[in-house]
Number of protein chains: 2
Amino acid sequence: MELLKQPSIEEAEEVLNRGISKKHAIIISAKCTARYSGRAESFLPTGDRIIFIKPDTTILLHQISGSQPVNWMPGETIHSIHRTEKNLVLNSVRGGEKLSIELQQIHFINSMKLEDTEILQSQGSEKDMAEMIYKNPLLIEKGFKPFSMEEQTKYGFIDVFGNDAKGNLLIIECKRYNADLGAVTQLRRYVEKIKKDKGVENVRGIIAAPKISPNAHKMLHDWGFDFRKVDPPKFFEEKKKKQSKLDNF
Amino acid sequence: MELLKQPSIEEAEEVLNRGISKKHAIIISAKCTARYSGRAESFLPTGDRIIFIKPDTTILLHQISGSQPVNWMPGETIHSIHRTEKNLVLNSVRGGEKLSIELQQIHFINSMKLEDTEILQSQGSEKDMAEMIYKNPLLIEKGFKPFSMEEQTKYGFIDVFGNDAKGNLLIIECKRYNADLGAVTQLRRYVEKIKKDKGVENVRGIIAAPKISPNAHKMLHDWGFDFRKVDPPKFFEEKKKKQSKLDNF
DNA sequence: GGGGAGAGATGCCGC
DNA sequence: GCGGCATTTCTCCCC
């Protein structure tokens with residue numbers, strides 16, 4: 001691990017070059033400017049920021065607020081270090097894209113080998129929600145018999161597909177949070193595709209979500225579709241437990 | 001600035017508490033585990049990671065690859081430090097969400113005041129593209145007369161709105177990259193809304209984008225809409241210059 | 001504060 | 001590789 005406080009340009013240059021070639025994780029706190037050119041064009045005037053170069057060549061430039069980086073480059077990027085008269089410049093190139101960070105004052109630089117082979121174990125995605133409905137069709141309505149999940153069509157894939165009590169085809173589009181206009185047009189697209197492909201007319205559409213925006217609900221109704229309030233699995237699990245505990249009093 | 005290499009639990013706890021209360025930017029490199037509960041549930045087993053706590057209370061946990069954090073909490077989060085028998089635990093709570101990071105070995109911790117009042121100056125967004133078309137209607141077709149931009153409707157806002165040479169209403173939906181099925185359904189929504197609101201039938205729709213997916217193009221055609229190849233401004237500016245330079249030979 | 005949509009979105013999966 | 005789409009999306013803008 002190399003960790004330098006207020007390094008000279010020469011020291012920082014060496015640490016950077018060595019760290020990049022060794023696939024270290026490199027963190028720099030510095031006063032800098034940044035220019036980006038590629039999918040758009042941008043310039044960020046002088047300020048204190050955090051720069052993070054990952055072993056996979058990803059580079060992130062973070063300002064002191066917000067969860068998104070202000071500038072970045074994803075993997076497969078080539079970094080190079082240059083010197084101006086007074087400063088150090090970090091150029092990162094990838095295809096037609098280029099990020100150029102000019103370091104004007106380096107507060108600290110750290111370069112070190114990090115070990116991590118784990119991946120995130122996650123639950124509660126939209127797919128989990130579809131699975132929950134598939135296994136508990138009563139969440140939609142009595143008599144609903146789902147027969148497929150993630151059904152592929154050229155116009156997108158259907159979350160849950162089945163028959164209702166009267167034998168109509170029934171398409172469920174799940175949203176784990178608020179259903180919006182996009183969710184309704186998505187459902188509409190699937191219903192029309194299935195009607196056309198199977199040459200049938202009795203195809204119903206349902207949006208399953210914890211809530212739906214007023215305009216989306218209106219459009220849903222205009223198109224003869226329905227809404228079912230369904231909470232995604234694991235959503236605010238702790239909060240719900242607490243709430244039901246309170247409800248018992 | 002406080003910068004400690006391999007700090008003891010006690011030292012790290014002090015730096016963390018002091019840094020959070022002083023609204024410092026805090027960076028930790030550590031072996032850790034992470035649990036998240038809220039909009040989903042997740043667990044991340046032991047590994048070396050980078051933790052970044054911003055002055056606005058945003059917290060990011062980054063693994064050594066990928067441009068996205070593996071766990072995070074946006075602003076308005078309350079952080080607190082606790083001790084287990086052997087380790088330090090950083091709890092971050094916001095509404096019904098909770099992120100808990102257990103620090104098992106701290107490689108370094110840095111806490112410092114950062115100064116930054118600048119915001120990114122950016123060009124080449126979809127709005128810039130709409131503006132370009134508004135000013136150069138020939139990019140769409142001869143006789144196109146745009147009369148409004150960002151027109152608000154309850155079902156979304158229209159990028160560019162105008163009349164064609166024959167006096168039909170013409171709605172343009174811009175996409176700065178590949179137009180997909182969503183872009184077509186979006187356009188369709190606007191056209192239907194305008195037809196209904198104005199009680200007219202002669203409303204045309206056009207997607208302006210550098211390219212469009214085959215399925216989207218088919219759906220566009222099925223609905224009687226058109227596609228115009230338009231490159232967004234500033235997109236790969238450097239690359240294009242180079243290309244046109246090559247073309248001259 | 002909610003709705004609607006873009007983003008230099010990124011990431012995942014299926015064909 | 002492209003297509004289609006979810007994301008603990010985040011962020012911005014307008015009502």
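Since this is a predicted model, take the numbers as computed values, not measurements. Computed over heavy atoms, backbone and side chain alike; hydrogens, waters and symmetry mates excluded. Letters go in sequence order (proteins before strands), and every chain restarts at 1.
Under the stacking criterion of a centre-to-centre distance below 5.5 angstrom and an interplanar angle below 30°, A:Tyr36 sits stacked against the six-membered ring of C:dG8. In this structure, B:Phe157 does not count as stacked on the base of D:dC14 under the 5.5 Å centre distance and 30° plane angle limits.
Without hydrogens or angle criteria, B:His79 side chain to B:Thr57 main chain gives a donor-acceptor distance under 3.5 Å.
A donor-acceptor contact under 3.5 Å is not formed by the side chain of A:Asn178 with the base of C:dG2.
Between the P atom of D:dC13 and the CD1 atom of B:Ile158 lies a distance of 20 Å, rounded to the nearest Å. Taking atom CD of A:Glu150 as the reference point, atom C1' of D:dA6 lies 10 Å away to the nearest angstrom. Distance, A:Ile212 CD1 to C:dG3 P: 10 Å, rounded to whole Å.
In this structure, A:Lys175 reaches the sugar-phosphate backbone alone: every heavy-atom distance under 4.0 Å involves primed, P, OP1 or OP2 atoms, never a base.
A close approach under 4.0 Å does occur between a side-chain nitrogen or oxygen of B:Ser213 and OP1 or OP2 of D:dG4.
Of the two residues contacting DNA chain C, namely B:Gln68 and A:Ala179, the nearest-nucleotide position lying further toward the 5' end is that of A:Ala179.
The aromatic rings of B:Phe52 and A:His62 stand perpendicular to each other, their planes meeting at an angle above 60°, with 30° marking the opposite boundary.
Within residues 119-129 of chain B, the residues approached by DNA chain C to less than 4.0 Å at the level of any non-hydrogen atom are B:Ser125, B:Glu126, in residue-number order.
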